[in-house]
Every structure is written in structure tokens, then in C-alpha cells.
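Structure first, commentary second.
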Amino acid sequence: MTKNHYDVLIVGGGISGTALFYELAKYTSVSSLCMLEKYEALATLNSKGTSNSQTIHIGDIETNYTLEKAKITKRTAKMVEKFCLQYGLENKIMFKHQKMALGVGEKEVHFIENRYHEFKALFPYLELWDVEILKEREPKIVYRDKAQTKVRPEPIIAMGTDTQYTTVDYGAMSEALAEQAQKVSEIPTDIFYNTQVTDIFEKEDKTFEVQTSNGEIFTANFVVVNAGAHSLFLAHRMGYGKHMGCLPMAGSFYMTQNHFLNGKVYMVQNNKLPFAALHGDPDILAEGKTRFGPTALMLPKLERYKKGTYLDFFKTLNFDWHIVKIFWDLLKDSDIRNYVFKNFLFEVPLINKGLFVKDAQKIVPSLDVDDIEYAQGFGGVRPQVLDKEKEKLMLGEASINPENGIIFNMTPSPGATSCLGNAERDMREIVKYLGLKFDEEGFLSDLTE
Amino acid sequence: MKKLLYITDQDEYVDHSFIAPLFEVYLKKYMHVDILYFTDFKSDFTCKDGHHFVVPSRYKNVLLKELKHNHIDISSYDFVMVRNNIALMKHVLKHRDTYGYKALFRFSFPKRKVHIKCEEAEGKNQFLKRCMHYMKTKEETKIINQCDAFLPTSERMKKAYRPNVNIPTIICSPAINPANLHAHQQHEGEEIRFVYVGTLDKVREFDTILDAFSSLENKQWKLYISTRDVAFAYALLEKYPSIQEKVKVYNAKTKDALLALIAKTDIGIALLPDLPIYNTSTPVKVFDYYASGVPCLMTDSGHTNILFTDCTDAWFCDFTQEDIRQKIAYLLTLSKEEIMQVGAKGQARLLDVKNYETLAKHIADQLTAL
């Protein structure tokens, strides 16, 4: 074996990659571990605090989640919380805020009330807040004028809490995961920066050869690719996941200059485009400011605010008649068509603020264009997966596991929240495949309730 | 046992006034019933307790494919029934031969016609919409005629709105739930309490009823209104300052809350203009009133007077201010005991001729015979 041979090699140093790096290092008998990161530091893309809404998606206020899905996300979200508590990261990178899902208008109010009763058993801390309570907790969402004298005309109600950890800087958490992995482990746990993986080959001896843009070659017994939209790009190059395409949805944010909201306010989501639901969040990286967003713009590149990746987009889209059919089905729906067009206009200077404010006024009716600024440099890309066999847009995460020692993960929202849960799934697969030991008791005790 | 998939256009949290007793309870004595709802909010398919499916509305156009992806064996169904939605019915018909089920169309209410009526009442010109309605009705009738059975709310509704449907017809009307009947509970107030439950809009001309109440000499009454259209109700009441204090507006969110409200009252109101959208079937509110033993003052339509007899188990009047006023004035002369007896007789009458238990057997027999 070469000096660059590892038991397990992880491609991508974002929150998903570092979570697996940590779990393998701490809880398994893996003999050597390495992570290859394309850029100069960990979590420079979608895991970065400015690229996402920093939310722990536990499933209580995410109105598009079913009860079944919420049971799963609750477990994985609690793993994030337990990790941070274990290393004393509360109030450093993890915070408690008030949070709520807000229903506006008769139909949404009816939905929130019923959803509250359905989800109360799973999330006993949830409370139902009517207008009078909201006047105290989050007055700006109640009044339609800045002087707070006139209550908005439509009925509103919210389900929420102020007792839970809600917010994490996932960029900082990625660094903490990697740091702890290297601290707790006596085996080689190497991280290579500025190392872009260009190709992966399966060798005759069932190991993998990983080629990089700087000419260095790595080999590994097991490879996990956690490289955002590039996971599918690399899978396609190996002939896997051809039934999938990737639709990169870029999200932008708008920022207020002053304190606007006391906590997170999520809207009732449209099931057709749940990843595009607008919300307002106090920003933990820009103290005193409130962030509204994200928007949802289809962008023909895989990485936001980085050069290139246009060609990679076209390759990863895997364009054919199935993709045409998916787009056709999506765009023939007037709600989606209008949404796509509107979100395109949200990026056009001069008119974008005015249009965005109209949408954000559903949260804060008195918001006007002078209150917000386009948050330059904020926002990331969500690699939404297109399933060509089912001819539909998949909402959420996707994984390709050909069961031969390699796994490719695409982890759009709630991927950051699920990082330790997804890592657990992959770790168990690796343990089984390589015949490693797994400290299950320690793992469950440290990270689960 | 035969197996039925009931696809409803209602959302998953609908307060199941009709579904609950008929499809969830009584029809299940004769066949396996699965119920499918759509959600505008949740992103993923959900199967609750093996018999309730909740499907994101974005999959309406590919519903059966989505069910198949979620391991629902569509070929196990003998019947697939669609409520009101013609596009869905078309989709179900398209796959009928593949899966071998019988396709059924349930027509609960002429919603489009009601919408046009509402807009007309607001003074909007509806000529184009009427033309469209005519064309669409023709097209929809063609689709319904490809089904194996048609299930309207009443024979009169079929005649009025789908006269050219020529497939077997099974009447699926609202009824009273024999397992959920209550004797009327007397309140301690001196006054007679009236209750109106349901939608309020311009077509329903509720101002005619308020005109009648405000012209009464006897002031020993109160009126409770439970409606989703609370703002409309308050706006309407502003025109009647002299009776505002006597009228209370509620928005009972659940069936239980609604029945609790009705139970505190003496007489239900089901007075509606003499329009086919209202007089071709008995309003559900009538059954809600009688379930609590509360008798009903209703419009004398060709439909209601088949079920009830004036002054015996209900009271009838025409939908005019004067006729309503006279009838209410008469009702205010009755003792609470007399009112209660009318309610009890009405409840017994409905139990005899319109209850979900017998209706379910009738529907199951008819479906089996298809």
C-alpha cells in the first residue's frame, strides 16, 4: 500500500463529512482515516454560517414534515444538540431562541391548530400562541403599522417554544467535529485542504483510487463522498446514480439593519416547494440583525460565490427526456411557475427589494423596502435531486450506496441537522463492510436520548 | 369483504361531519374502507394506521403512481370513489382497466355553481363564467358517464345539476348518526335561543333573517351564529344596532365544539333562499341540530317537507322577512317543553328515515350489485 492509503476516505469537509469523520474516529476501530477538502478550510460552502439559516430542523415548526419524518429528524437533531453540549459549545456555536411556525389566514390557522394537536405528543414543549400572546412575544408579526396600533386584519396563530436549542453555526460545528475527531483518536486522522477530487476508480482488489486535481493519488478501502452537488457529479463519473439528476437551487437572504424579530418565525410551507419557504431568523453571525429568506433560484452551477462549476452543473443535471418531463410537470403548475419567475426577479437589482418585501410582509406586515438590504455574500446552493425513474423532484436528502465500499450523499436541507444521523447510517455500513468494531454503547450514550 | 378507496378533495384535518360516521364507521361493517386526503402543506406521503393516506397535493396528477411508489396495492381495491374532483376522476378512470376496480364518482355539492351565484350576488357579471360552466358541465358529464356509478347527495341534485348522467345512481345523502344522539338539554335562561350554523355570504341573504328578528315585538330571544365567515357576520350585524346585543357570533372549530354550542340552544335555523343550490338537498346543519335534539325552523322546500311535517317535528316557512317574522313570533309563544317535544320527534323521524347505519347498508348493497 502507498503512504496515501487509508481505511476510510471521506470526500468533502462540510458538516456531513466532518460528522462522519468524528464518528468513525471516536466510536470505531478504523485503522486510518482521511478527509479531502477542495478548499482552503472546512465548511466554506453550504455548511458555512452565512450560507444557510443556521436552524436545527427538529421537525416541530417545519410544517411540511409529516409526523413520521419528524420522529426521525427529532432524533438526529438531538444528536447535534448532544454533541454541542458534550463539548460545552452552547452559547458559543449553539443557541436557544424563541421559534414558531406562523399560520396566516383561515386555512393556515386551521392547519396550524390541527398540526399542533397532532405533533404535541412528540414535542410536548410546543405551545399554541394566539394574537394576544403573539403581541407580547413577537409584536412585529401582529401589527400592520410600525407604531403598532393596528392589528393585521387576517387571522393568525402560531405554534412555538422558547425552551429549545434552535440555532447552530454549522460552519463552526464542522470545525469542532474535525478537531474533536483528531483529539480523541490515536490513529492517523488526516485532513488535506486544497485537494479537489476529480475521479474515483474501483480497483481490482476492491479498494478505491481517488485522483485529485493537484496530481496526488489516494487509495482507500472505503470511500464516502459528502461533496454536496459534486457527490452526484462524481457518482455519475463512476457510472452510479444515473437515474438521478441534480437541480441546484440557490438561496439568497435579505438582512434588516436593526433588531426585528425576537426569534425564528417560519411560515406554513408550500408542499410543492417546501425548500423555498420564507422565514425570519435572528442572525447569530450578524448580531442584532434579522435575516429574511431564503429565496429559491435555479442556478446553472454547483457552488455559490465560487468560480466555475457551470459545466459540472450540466453534467450533473444528466439531461434527457425524463428531466424534460420533470421540468414540464413542475412548470405546468402555475404556483411553481409563478414562484420560479418571482424568485428570478428577487435577484434583479432595483426591483428585487420591492418584490421581496411584499413576500416578507406575510411575516412582518409593516416591513418596507428601507428596512432591508440584500445580504451580499449570504446564501448557498441546495442540491435538490431529480429522480428520473419516478420522474419527480425529490425533496430532501438522497444517498447512493452500491454496497461495494463507496457511498455518495447529497444532503440539502435538513442535511446539516441530520449530519450525525446520516453519519451514523454510513458508519454502520462501513463497520459492517470492513468488519470493524463499533462502540455502540458509547455512541448511543453520548449522542442519543 | 370488498375493498373501497375513497379519495376526497377535503384536507386531512377536515372536521369529518360526513366521512366520520359513514365511511369510517358504518360502511366498514360491509367493506374495507381506505380514505385518501390531500395536504397542501406536508411534503411526503403518510399512511396513518394503515387505512388513511395523506398525499401532498402536488401528486394529484400522478396519484396512482405515487400510491404505487408507497407500496399501496391498487389492484386490491374493488372500488375507487372520487369526491367532486373531475380531474382526479379522469385519472382514476384512465387506470381502471390496469387495476380492475370499479370507478365511482361522488357529487357532494355544486361548488362551481355556488361560486358563480356568490359572485353574481356581489354584482359581478358572470356571463363568461356561466358559459364556461355550461361547457364544463357537459364535459364532466361525459367523464362521469364513463364511471360505474354516480353518488349524488340527492335525486333532486342530480336532476338539477347532472341531468344527463345515465349510469347507475346511488344516493349518498347526509344523515343522522345513531351512535351520536343527545337528548335536548334545557338551559336556564328565560329567553328562546336560536342558532344558525354554517357559511354566511351574500347568496344566503342572512340579512332577510336579521330583518325578521329586528322587527319582532317580543324581545325574549337570543341568536347564536357559528360560522367561519366571522368578519362577514360582524359586518352584517353592524347594520342592525338594535339587535346587536342579542346576537353572538362564534367560530366553532370542531364538530364537538359545534355540538356543544347547539346543545345550549332551543331552535336551529336552516332558512335559505329558494335556489336549487340549497333546495335540492337537506343541509347538513339540520342533522347537526337534530343530533342534539334541537328542532329546526327551515325553508319549506320540496326536499325538507318530504322528511318533516310542519309543527310536528319541524317548522317551515317561506324565505321572506314577513313569513320568517310571523313564524319566529309564533315560536316565541311556545313553551320550552313544547319545543323540546318537536325536537325529539324530529330526531326520531330522522333516525327512522335518514340514518347513517341504514344508508351504509344501502350503499354497500348497491355497490356489491354493480
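In what follows, every chain begins at residue 1, and chains take the letters A, B, ... in the order their sequences are listed.
Contact check for Glu106(A) versus Asn251(B): side-chain heavy atoms found under the 4.5 Å cut-off.
One finds no salt bridge joining Asp335(A) and Arg58(B) here, because no Lys/Arg side-chain nitrogen approaches an Asp/Glu carboxylate oxygen to under 4.0 Å. Note on Lys48(B) versus Glu118(A): salt bridge recorded, some NZ/NE/NH1/NH2 to OD/OE distance being below 4.0 Å.
With values rounded to the nearest 0.5 angstrom, Asp11(B) atom CG is found 4.5 Å from His110(A) atom NE2. Atom OH in Tyr13(B) sits 9.0 Å away from atom CD1 in Ile112(A) (nearest 0.5 Å). Note that CZ of Phe41(B) and OG1 of Thr66(A) are 15.5 Å apart. Values are rounded to the nearest 0.5 Å. Interatomic distance, Asp329(A) CG to Asn61(B) CG, rounded to the nearest 0.5 Å: 7.5 Å. How far OG of Ser43(B) is from CD of Glu62(A): 11.0 Å, rounded to the nearest 0.5 Å.
Heavy atoms of Lys390(A) lying under 4.5 Å from chain B belong to its backbone as well as its side chain. For Phe111(A), the parts lying under 4.5 angstrom from a heavy atom of chain B are both the backbone and the side chain.
Interface remark: of the candidates Asp40(B), Val54(B), Val230(B), Asp40(B) forms the most heavy-atom pairs closer than 4.5 Å to chain A. Interface remark: of the candidates Glu113(A), Lys69(A), Glu108(A), Glu113(A) forms the most heavy-atom pairs closer than 4.5 Å to chain B.
The 12-atom threshold is not exceeded at NZ of Lys264(B), counting heavy atoms of other residues, nucleotides or ligands nearer than 6.0 Å. Within a 6.0 Å radius of NZ in Lys358(A), no more than 12 heavy atoms belonging to other residues, nucleotides or ligands are found. More than 12 heavy atoms of other residues, nucleotides or ligands sit less than 6.0 Å from atom CE of Met298(A). In Tyr125(A), the OH atom is crowded: over 12 heavy atoms of neighbouring residues, nucleotides or ligands sit closer than 6.0 Å. No more than 12 heavy atoms of other residues, nucleotides or ligands lie within 6.0 Å of CZ in Arg228(B), so this atom counts as exposed by the packing criterion. For NZ of Lys150(A), the number of neighbouring non-hydrogen atoms (other residues, nucleotides, ligands) closer than 6.0 Å is 12 at most. The number of heavy atoms from other shown groups lying within 6.0 Å of NZ (Lys60(B)) is above 12.
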